[in-house]
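Presented below is the structure to which this report refers.
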Amino acid sequence: MARELAKQYDPKEVEDRIYKQWLDGKYFHAKCEKDKPTYTIVIPPPNITGQLHMGHALDNTLQDILIRFKRMQGYDTLWVPGTDHASIATEAKIVEKMREEGLTKEDVGRDGFLERAWDWKKQYGGRIIEQLKKMGSSCDWDRERFTLDEGCNKAVKEVFVRLYEKGLIYRGERIINWCPHCKTSISDAEVEYEEQSGHFWHLRYPFSDGSGYLELATTRPETLLGDTAVAVNPNDERYKHLVGKTLILPIVHREIPVVADEYVEMDFGTGVVKITPAHDPNDFEVGLRHNLPVINVLTDDAKITKDYPKYAGMDRYEARKAIVEDLEKEGALVKIEEHIHNVGTCYRCGTTVEPRVSKQWFVKMKPLAEPAIEAVKKDETKFVPSRFEKIYFHWLENIRDWCISRQLWWGHRIPAWYCEDCGEITVSKEDAQSCAHCGSKNIKQDPDTLDTWFSSALWPFSTLGWPEETEDFRHYYPTNTLVTGYDIIPFWVMRMMFSGIEQTGKVPFDTVLIHGLVRDSQGRKMSKSLGNGVDPLEIIDKYGADALRFSLATGNSPGNDMRYIDERVEASRNFANKLWNAARFILMNLKSEEIIPLNTDDFALEDKWILSKYNKLVGEVTENLEKYELGMAVQKLYDFIWDVFCDWYIEICKSRLGGEDEKAADTARSVLVFVYTGILKLLHPFMPFITEEIWQSMPHEGEALMVSDWPKTDSGFEYTAEEADFEKIMAVIKAVRNRRAEMNVPPSKKARVQIATKFKDAFGAGTAYICRLAYASEVEIGDSFESEGAVRVITDAASVYMPMKELVDFSAELERLNKDLKKAEDDKEFFEKKLNNEGFVAKAPAAVVEQQRESLKKVLDKIAMIKESIKEIEDNM
RNA sequence: GAAGGCAUAGCUCAGUUGGUUAGAGUACCUGCUUGACAUGCAGGGGGUCGGUGGUUCAAGUCCACUUGUCUUCACCA
């Protein structure tokens, strides 16, 4: 006997058990099967510092849906999981933790620090992996990777050396974004701009020959210490003649020149700009053009250097205050204005970024960007939805060289050694023992590490064993789908693209599926500071992982943000329960665990109808999934399961299952199990736990649903005519229910239902369930019936009479019929107008025209029947 | 300043290459111990798809302009 199921689905009882079963069965493990096509996804590696949030939940749900779908379709599927070492984020956390112990990085030293970092990784790195498992993610855990593991390390060194040797990595003194809190350089992509209100200090710098002043405005007076020129526009009539003169820098009393540079906007402010090459990117460029000295006035934590004893040690804002006061004393301050401007901040810690000149490593981007642009233009990689290609192109087309060195310890140490004797650089995959130029042993490795994203950029191939020619790499690379949020296109997608093309000669994936952000119920970004984050684990605990996954997949169209609404998850939970109870119903009506084979000859009309609908569903859901229309697929499944299968087909089967005819009951059983099993398969990628649990309780063949075959459409199930016939019956049932509800007749009060129709065969076969569903005491089918004393409803296929004498109010009946007639005649007019439009008939596709003709025909039939009824009543009155 | 998204029922959202008289969930109203399910069943009210104009036999769906809203990028010291 089949297993009995509880009255309500309890995810807690099921999920961990089923997940373990999958793991034990090694179903997630990719076996490099040469005879199968491959389908590969690499996970966007979550940070080891992170905890699962709704963004991960969405990202991983989408990936799991795709991978489970393809696995069932027979692909050799591989989903590579792993985590990211997240250099800045992790280092910041460890520094923070040490600070609580009263320790600094310097106290424990590089090795001591790294030891702590690895301990951290051991302790927390596994946390997020366990959380991903709770979601049901079918990753190949045997292939789990870490961006700082041995293999990734090897790949990183290989790429660094290759690019260096090609001249695509260089070291240079440039102005970069510096975070004074993290004490490291950061890339352009890591700077976030925010609007802040500040001030405009108008200053005047006197000419050294005593011939007056030049007035200018600045938002950062403290940088005045590092001014090495003042610039005006060469075409500015007001100042043209002053170019070449010198000024005395207030406070510092250094002599600086007036230079002419196109960069200065004549109509902004006074048209005069102070130039601080060490602390402003634009000024740096001006400095280069005019050969100006670069004077750094700030330390790495944004305090004034000891070169200015009066301000030394003050942080930039304190110094600003002090300097403004001194300027005022010196009479150099003209006025202060309110000013709103954009300030760059560190994307990790939010500290205002300090532009700073320093020696860093860079990747030359132009030569790498071009092939990456080409590849997407040639559709070698497609974005879904395609509009995100614009963002991708915009970034790559305007890209500047990528600053890859970080003044951090947690990360891939730069494989470059400096010779103390000859001063040359040795770059090597192996740890260098001596200078490659002069042979000196007196060499030191660069203390810096690489940007986290340098290793993430290699993720699609480093995880498959590259640079070794491994079996995995040969078999699974290039990968297929990359699933990620639009916010990291510039950080990650773009960098994987150019790295993949440069290093392997192939694009790393053929499709980039972009999703949006999960926002809170009010549409706000979920954030720690707002405290509005929703913890997926709590939701799983409350409603189950399947309900959460289903909610995230429903109504989520690619690239669009979505809101997290609790009620939606509740609705998904209810849906899971509906599915569960359908299984209970089927199970309690089966006689054995044997699968009853389908027998075409025994099918009743309703069987043909459901098989035909199911067959269409299989085709549509498959197509939707192949086109990444996951939301659409899930909506169709929902409608089919709840409305078509449960509310109609199951209800209809009840009369056969409870009837005397065992053969008919068996036919119903065979179709119920067949269609329901198909549903479980189609739904499995979305709701893996419950579908697996139910499948194993039902008659089945094979070990597990997750490794069973995806359903295929079958032309033998295309019962078009039967579908239409059955829908005539549905229309009658609905019309009867509707009329009874209008008259407030409770279901317990049964009435005779007489159906006058041209389709006697179809209706005749359905009397048993029409009786049930239309709350009838008995059902009669015929050409016509005595209408006296009957309530009547008319569909386009039948006139239905319900003799309920005591309830019948003839004038009310007449009124209703006239209302129906009016509606039907409006419809008739609508269709006729369309069909009389020559343009429509000539140009619209034949199928569309035919549809309209069909509709018109039905309306005409209906009108005839209504008129007849009206006449009958009038005759009897 | 530039680019892009979104605007559809009270609320949250679907709507696939333009093609039956626009859908779902939820909320609301009415009725139901209907032997799978009240996390349920049946019935109902409620949008003309932000606005204007255009293309087309046909537009929520394409184009232009416009309003509101959000995002990203750039940035003038």
Side-chain angles (χ1 to χ4, degrees), chain A residues 5 7-9 193 200 216-220 223 231 263-265 267-276 280 282-283 286 341-342 385 387-388 390-391 394-395 398 486-487 489-490 516-517 521 523 525 543 547 551 554-557 559-565 567-568 570-589 620 623-624 627 629 631-632 634-635 638-639 642-643 646-647 650-651 654 658 734 737-742 744-748 772-773 775 826-827 830-831 834 837-845 847-849 851-852 854-855:
Chain A
L5 299 180
K7 191 168 171 182
Q8 282 186 349
Y9 173 59
Y193 289 88
F200 234 162
L216 52 82
T218 178
T219 53
R220 304 198 51 196
T223 62
Y263 150 72
V264 182
E265 301 270 335
D267 44 12
F268 186 82
T270 59
V272 182
V273 186
K274 69 193 231 6
I275 301 297
T276 323
D280 182 280
N282 291 308
D283 292 9
V286 175
H341 59 153
N342 274 339
R387 67 183 139 92
F388 288 98
K390 281 184 191 160
I391 295 182
H394 183 260
W395 268 93
N398 297 290
Y486 56 72
D487 49 334
I489 292 173
L517 267 40
S521 60
K525 222 170 176 166
Y543 299 110
S551 305
T554 314
N556 176 33
S557 54
N560 286 355
D561 288 354
M562 65 188 300
R563 296 186 195 207
Y564 175 84
I565 313 271
E567 287 78 8
R568 284 178 68 148
E570 205 179 312
S572 303
R573 188 272 316 263
N574 294 352
F575 174 64
N577 196 51
K578 186 76 183 172
L579 184 76
W580 182 258
N581 273 288
R584 284 184 66 214
F585 173 80
I586 295 171
L587 283 172
M588 66 177 60
N589 281 289
E620 287 175 6
E623 195 187 332
N624 284 144
K627 288 158 81 178
E629 294 161 351
M632 209 105 64
V634 82
Q635 190 61 52
Y638 183 96
D639 291 343
W642 202 309
D643 185 45
C646 291
D647 288 345
I650 284 188
E651 288 307 319
K654 282 178 180 170
K734 283 183 188 177
R737 284 170 174 175
N738 179 327
R739 176 57 51 88
R740 289 176 57 106
E742 271 177 36
N744 274 323
V745 184
S748 53
R772 269 183 66 86
L773 300 185
Y775 317 110
D826 286 350
D827 289 351
F830 175 86
F831 292 119
K834 224 169 177 180
N837 181 334
E838 278 174 40
F840 175 73
V841 180
K843 293 186 186 174
V848 175
V849 178
Q851 248 171 11
Q852 300 292 310
E854 278 294 308
S855 299

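Proteins come first, then strands; the chains are lettered A, B, ... in the order of their sequence lines, and each starts at number 1.
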Separation of B:A24 P from A:Asn574 CG (nearest whole Å): 17 Å
d(CZ, A:Arg568; C1', B:U39) in whole Å: 18 Å
Length of the line joining A:Asp826:CG and B:U20:C1', which is rounded to integer Å: 17 Å
Strand partner of B:U71, provided both Watson-Crick or wobble distances fall under 3.5 Å: B:A3
Phosphate contact (B:A14 OP1 or OP2) by A:Ser557 side-chain N/O below 4.0 Å: yes
Rounded distance in Å between the P positions of B:G40 and B:U34: 15 Å
A:Ile391 CD1 - B:C70 P separation (whole Å): 18 Å
Integer angstrom distance from the P of B:G54 to that of B:U20: 24 Å
Short side-chain N/O contact from A:Lys654 to OP1 or OP2 of B:A36, under 4.0 Å: yes
Which residue lies more 5' along RNA chain B, comparing A:Lys390 with A:Thr219 via nearest heavy atoms: A:Lys390
Gap in Å between the two C1' atoms, one belonging to B:U26 and one to B:U71, rounded: 28 Å
Side-chain heavy atoms of A:Lys274 within contact of A:Asp283, under 4.5 Å: no
Touch class at under 4.0 angstrom, heavy-atom based, for A:Phe831 against every strand present: base
N/O (side chain, A:Asn738) to phosphate O (OP1/OP2, B:A42) under 4.0 Å: no
Gap in Å between the two P atoms, one belonging to B:U8 and one to B:U16, rounded: 16 Å
C1'-based separation of B:G10 from B:C70 [nearest Å]: 23 Å
Within-4.5 Å side-chain heavy-atom neighbours: A:Phe200 and A:Thr219: yes
Under 3.5 Å donor-acceptor pair, A:Glu651 side-chain atoms to B:A36 base atoms: yes
Check: A:Asn342 side chain, B:C75 base, donor-acceptor under 3.5 Å: yes
Pairwise C1' distance for B:G46 and B:C29, with rounding to whole Å: 11 Å
Touch class at under 4.0 angstrom, heavy-atom based, for A:Trp580 against every strand present: nothing
Touch class at under 4.0 angstrom, heavy-atom based, for A:Ile650 against every strand present: base
Below 4.0 Å: OP1/OP2 of B:U21 and any side-chain N or O of A:Lys834: yes
Touch class at under 4.0 angstrom, heavy-atom based, for A:Phe575 against every strand present: nothing
Check: B:C37 base within 3.5 Å donor-acceptor of A:Lys7 side chain: no
Sugar-phosphate, base or nothing in reach of A:Ala571, heavy atoms under 4.0 Å: sugar-phosphate
Note, A:Ile650 side chain near A:Phe585 side chain (heavy atom, < 4.5 Å): yes
Any side-chain heavy-atom pair of A:Leu587 and A:Arg584 under 4.5 Å: no
Interatomic distance at C1', B:U39 relative to B:G51, whole Å: 43 Å
Separation of the P atoms in B:G25 and B:A14, to the nearest angstrom: 16 Å
Whole-Å distance separating the CZ atom of A:Arg740 from the P atom of B:G43: 12 Å
Quiz item: cation-pi between A:Lys578 and A:Tyr638, 6.0 Å / 45°: no
Close side-chain approach of A:Glu629 to A:Glu623, heavy-atom, < 4.5 Å: no
Donor-acceptor pair under 3.5 Å, A:Arg563 side chain vs B:U12 base: no
Plane angle bin for A:Tyr9 and A:Trp580 - parallel if under 30°, tilted between 30 and 60°, otherwise perpendicular: tilted
Any A:Trp642 side-chain N or O less than 4.0 Å from OP1/OP2 of B:U39: no
5' priority, RNA chain B, between A:Arg220 and A:Tyr9 [closest heavy atom]: A:Tyr9
Length of the line joining A:Tyr543:OH and B:U39:P, which is rounded to integer Å: 13 Å
